[in-house]
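Just so it is clear, the structure is predicted and the values come from calculations on it, not from any experiment. In listed order, ligands and their atoms are each counted from 1.
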Amino acid sequence: MADVYEDVSEAIGGTPMVRLQRTVKTGRGIEVFAKLEYLNPMGSVKDRVARYLVDQALASGTLSPGGVVIEASSGNTAMGLAMMATNRGLRCRAVVRRQTSREKLDCLRALGVELVLVDGDLPPEHPESYNRKARSLVAACPEAFFPDQHNNRDNNQCHYETTAPEIWRQMDGRIDVFVGGIGTGGTVSGVGRYLKERDPKIEVVAVDVEGSVFSRHFAALSGSDDDSAPPGRYLLEGLGDEEIIDCPEFEIFDRMLQVSDPEAFLAARELARDEAMLVGGSSGAALWGVREILPELQPGARVVTLFPDSGTRYLSTIYNDDWLREQGLPTARG
Ligand code: PMP
């Protein structure tokens with residue numbers, strides 16, 4: 001039975017690369033390709049990281065069967081960890097912001113995750129905040145394993161070893177620009193590092209969200225004027241952070257762009273309608289980033305981006321006109 005997997009986690013990775021046909025008006029022979037990470041078993045790119053970190057911890061003895069995996073997650077990593085917990089005889093406890101989409105919370109409950117809901121408006125230094133709570137739960141639980149996806153660079157290494165070689169192979173090594181969203185920074189750092197090692201001319205563009213602190217930090221590091229928007233609230237799930245974390249390898253990024261909530265959401269809705277790719281808001285952010293840089297590219301350039309998760313987990317939010325109106329956001333381009 002050559003094509004039969006022993007458990008669903010073996011189906012992670014090997015996701016398709018698809019040319020964008022109708023959402024980018026390129027001309028000049030420019031081509032844009034998207035790696036569809038929402039086609040992983042739990043519907044996101046984070047399945048890769050969940051498998052990598054859990055299996056590594058089991059192999060090293062940091063985690064033993066019967067143990068509990070505890071992590072802070074915007075939802076997707078927790079779904080991947082739930083898959084790994086079920087298949088490896090573990091328990092999974094996830095710190096999730098109360099503001100997370102209803103679909104994601106429902107999925108996590110359906111998968112048997114023990115949810116610890118926190119108020120996403122608390123400042124990062126608050127002990128009950130998203131950024132601190134997982135750490136204190138871990139300290140109180142001797143059999144806990146904390147993947148620490150925000151600060152553990154094995155997260156980046158997972159993308160360096162799996163996502164990036166797939167991209168390189170799928171593109172026959174002909175890539176000019178990689179555009180990726182930055183949440184923990186694992187994807188864009190791991191993929192970016194691999195691609196630049198193969199071809200230093202490849203440009204790496206990280207897409208952050210307005211209100212996140214990453215762009216300000218990047219501007220300060222590169223010594224340029226800090227013209228990024230001040231820290232603040234945003235609705236886009238999966239990208240940005242309220243504080244600087246260890247995973248982003250800022251030195252790998254050639255550029256950082258900041259998307260607004262409405263630009264990301266409208267672009268995601270276009271992907272659903274015009275490419276039949278039902279994706280989340282961070283995929284819309286990636287498409288927005290691609291469009292931002294298109295006018296500057298050389299004729300014949302090949303651009304690769306990555307769509308992290310499925311739009312089915314945002315039907316009550318970014319695909320719901322009433323919700324958009326309640327947030328004071330547009331439902332279509334005016
Ligand atoms: N998009 C979504 C929907 C996510 O959940 C995440 C992970 N937080 C990302 C993008 C960003 O990926 P990374 O953590 O690798 O930067």
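The salt bridge (Lys or Arg N to Asp or Glu O under 4.0 Å) search around Arg233 returns Asp121, not counting sequence neighbours. With sequence neighbours excluded, no residue forms a ring-ring contact (aromatic ring centres under 6.0 Å, His included) with His159.
Taking the six-membered ring for Trp and the full ring otherwise, Tyr160 and Tyr194 have centroids separated by under 6.0 Å.
Salt bridge status for Arg291 with Glu270: present, with a side-chain N to carboxylate O gap under 4.0 Å.
Across Arg97, Arg216, Arg132, a single residue satisfies salt bridge (charged side-chain N to carboxylate O under 4.0 Å, His left out) together with Glu242, and that is Arg97.
Sorted by first and then second residue, the ring-ring contact (aromatic ring centres under 6.0 Å, His included) pairs involving residues 86-142 (not counting sequence neighbours) are Tyr130-His150.
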Quick check on ligand 1: any N or O pairs to the protein under 3.5 Å? One line per pair.
residue  : atom   : partner : partner atom : Å
ligand 1 : 1 (N)  : Ser282  : OG           : 2.6
ligand 1 : 5 (O)  : Ser74   : OG           : 3.4
ligand 1 : 5 (O)  : Asn76   : ND2          : 2.8
ligand 1 : 8 (N)  : Gly238  : O            : 3.1
ligand 1 : 14 (O) : Lys46   : NZ           : 2.9
ligand 1 : 14 (O) : Thr184  : N            : 2.8
ligand 1 : 14 (O) : Thr184  : OG1          : 2.6
ligand 1 : 15 (O) : Thr187  : N            : 2.9
ligand 1 : 15 (O) : Thr187  : OG1          : 2.5
ligand 1 : 16 (O) : Gly183  : N            : 2.7
ligand 1 : 16 (O) : Thr184  : N            : 3.2
ligand 1 : 16 (O) : Gly185  : N            : 2.8

